[in-house]
Structures are given as C-alpha cells and as structure tokens.
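Convention: sequence-line order gives letters A, B, ...; per-chain numbering from 1. All values derive from a computational prediction rather than experimental measurement.
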There are 2 protein chains.
Amino acid sequence: MTVTRVTNSIRALRFAHQEMTQADLATRLGVTRQTVIAIEQGRYSPTLEMAFQIARVFKVPLDAVFQYPD
Amino acid sequence: MTVTRVTNSIRALRFAHQEMTQADLATRLGVTRQTVIAIEQGRYSPTLEMAFQIARVFKVPLDAVFQYPD
DNA sequence: CCTCGATGTCAAATTTACCTGACACGCCAT
DNA sequence: ATGGCGTGTCAGGTAAATTTGACATCGAGG
C-alpha cells in the first residue's frame, strides 16, 4: 500500500464530465471500481499506461490529471 | 513481461545529457540498472511516479519522454 | 592480448498494482 | 420502511513491476 506523492484531479474531472460515476470510469478504463477508488484516493500511483488512458477518457493532457509536486 | 504500448525517448535523452549512462540514471532514480534497461526497451511501462522522476532528471515535461499512440 | 566500462540477459525473490467478492454506510426517492 | 445507487473498505488472490546477483558480449585503450 505505497503512499504515493502523486496527486490527481480525477474526482473533479469526473464531475466535470456529466458527473461520471466511479463505476462508469472503471468500465471505460477496463479496470475495477476498487482500482479507480484507490487511484483517486492516491493510495498508489497507477501504471503510466493507465494514467495515459485516464487522461484520454477526459480528453485532457496527462499533467492536467496528475501532478508531481516538488 | 507485459508488452506495453507506451514508447519512450530515454536513450536519446541520455545521450543528449552528457551521455549519461544507464547506471547513472538508475542511481539518480533510486532504482536498479536492470529496471532502467527494461523501461528503456519498453518491456513494461513504469509507474507514473517513476515516469515523473525520469522526466525531472532530464528537465523536460513527461510527454517529452513517454508517448502513448492512438 | 587484457582489462574495463557500458550494455544486455537470465533466474529467482520481493513488492506493488490490480482483481474478485463481499459487506457497510449515507442519500434520495418511492 | 425499503430499495437502489454511489461510495468506501476489507480479506485473499493473481499479475506485473522491481530487486538481487550472476554472467556474457562488445568496443575502446593501455
């Protein structure tokens, strides 16, 4: 359960997109609902491939979804 | 050994930065040399956190290092 | 020729991401 | 009340990323 330093704006992006539900996002990504919850909560950082897919769902660049502070 | 769709420009970026060696990059990232090799060869896609760290080493945005086709 | 540094490869182990299935909670409607 | 929906959590698993250690190749220099 690696606490990652990467933060994200998934929750805001979901609501900005027709209040897309976590389950909806999960099926669009081809992952489970629990995975979406864990990523959204920053409990671990997703693979780069999944990060790209999430950005693609919301039609924004990757760094509009994920931020790496410092 | 997941064949990832994500491509990268790590090798070119290493040579553009004082011909930085794979071992040098590995120690800067805090990972092993084998990990750098595998990522550079696209044998699996790194975690998002490591992708951000790699981009930071080369002082370029993430999408200058990694590309997701389609 | 010999060595060294950079690169690559393999097997086996550990860690982390992700899955399956179940259950609990708060909300809003009926 | 109660039933569905969105959200969150937990335990136990599989798969993939990463580590460790060893060995092999190739090019450049001494």
A.B. asks: Please say whether more than 12 non-hydrogen atoms of neighbouring residues, nucleotides or ligands are located less than 6.0 Å from CZ in A/Arg5.
C.D. replies: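 Counting neighbours around CZ of A/Arg5, more than 12 heavy atoms of other residues, nucleotides or ligands fall under 6.0 Å, so yes.
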
A.B. asks: If you group Ile, Leu, Val, Met, Phe, Trp and Tyr by side-chain heavy-atom gaps below 4.5 Å, do B/Phe66 and B/Ile37 land in one group?
C.D. replies: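 Looking at the clustering, B/Ile37 is in a separate group from B/Phe66.
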
A.B. asks: Distance check needed: D/dG6 C1' versus A/Arg14 CZ, whole Å only.
C.D. replies: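 To the nearest whole Å, that distance equals 9 Å.
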
A.B. asks: Closest heavy-atom contact between B/Arg56 and A/Asp70?
C.D. replies: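 Heavy atoms of B/Arg56 and A/Asp70 come nearest at NH1-CB, 3.2 Å.
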
A.B. asks: Quick one, give me the B/S/- string for nucleotides 25-30 of chain D, reading 5' to 3', where B means a protein heavy atom under 4.0 Å from the base and S means that only happens at the primed atoms, P, OP1 or OP2.
C.D. replies: ------

A.B. asks: Does OP1 or OP2 of D/dT18 have a side-chain N or O of B/Thr47 closer than 4.0 Å?
C.D. replies: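 For B/Thr47, the contact criterion (side-chain N or O under 4.0 Å from OP1 or OP2 of D/dT18) is met.
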
A.B. asks: I need the residues from residues 24-37 of chain A with at least one non-hydrogen atom less than 4.0 Å from DNA chain D; give them sorted by number, or say none.
C.D. replies: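 Per residue number, the list reads A/Arg33, A/Gln34, A/Ile37.
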
A.B. asks: Less than 4.5 Å apart, side chain to side chain, heavy atoms only: is that true for A/Tyr68 and A/Thr4?
C.D. replies: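 SC-SC contact between A/Tyr68 and A/Thr4 ruled out.
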
A.B. asks: So which one's nearest nucleotide on DNA chain C is more toward 5', B/Ala23 or B/Glu49?
C.D. replies: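 That would be B/Ala23.
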
A.B. asks: State whether B/Arg43 places a side-chain N or O below 4.0 Å from either non-bridging phosphate oxygen (OP1 or OP2) of D/dT18.
C.D. replies: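 Result: no.
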
A.B. asks: What I'd like to find out is whether the side chain of B/Leu13 reaches to under 4.5 Å of the side chain of B/Ile54, using heavy atoms alone.
C.D. replies: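 No - every pair of side-chain heavy atoms lies 4.5 Å or more apart.
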
A.B. asks: To the nearest Å, give me how far apart OH (A/Tyr44) and P (C/dC19) are.
C.D. replies: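 It works out to 7 Å between those atoms.
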
A.B. asks: Any chance you could measure B/Asn8, atom CG, to B/Gln41, atom CD, to the nearest 0.5 Å?
C.D. replies: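 Interatomic distance, B/Asn8 CG to B/Gln41 CD, rounded to 0.5 Å: 10.0 Å.
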
A.B. asks: Compare all side-chain heavy atoms of B/Gln22 with those of B/Gln34 and state whether any distance is below 4.5 angstrom.
C.D. replies: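 A side-chain contact under 4.5 Å is absent here.
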
A.B. asks: Figure out the CG/C1' separation between A/Leu48 and C/dA17, and round it to whole Å.
C.D. replies: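 Rounding to the nearest Å, CG of A/Leu48 and C1' of C/dA17 are 14 Å apart.
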
A.B. asks: Would one find a side-chain N or O of A/Arg11 under 4.0 angstrom from OP1 or OP2 of D/dG6?
C.D. replies: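 Checking A/Arg11 against D/dG6: no side-chain N or O falls below 4.0 Å of OP1 or OP2.
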
A.B. asks: Pick the closest DNA chain C nucleotide for B/Met20 and for A/Pro46 by heavy atoms, then say which residue is nearer the 5' end.
C.D. replies: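 It is B/Met20 whose nearest nucleotide is closer to the 5' end.
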
A.B. asks: In whole Å, what is the span from the CD atom of A/Gln22 to the C1' atom of D/dG8?
C.D. replies: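 Spelled out: CD on A/Gln22 to C1' on D/dG8 is 8 Å.
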
A.B. asks: Among the nucleotides D/dT18, D/dT9, D/dT7, which one has an atom lying closest to any side-chain atom of B/Ile39?
C.D. replies: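 Nearest nucleotide to the side chain: D/dT18.
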
A.B. asks: In whole angstrom, what separates B/Gln41's CD from C/dA6's P?
C.D. replies: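 Rounded to whole Å, this separation is 17 Å.
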
A.B. asks: Can you find a heavy atom in the side chain of A/Leu48 that is under 4.5 Å from one in the side chain of B/Leu62?
C.D. replies: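 Yes, close enough: below the 4.5 Å cut-off.
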
A.B. asks: B/Asp24 versus B/Gln18: any side-chain heavy-atom pair under 4.5 Å?
C.D. replies: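 No. Closest side-chain heavy atoms not under 4.5 Å.
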
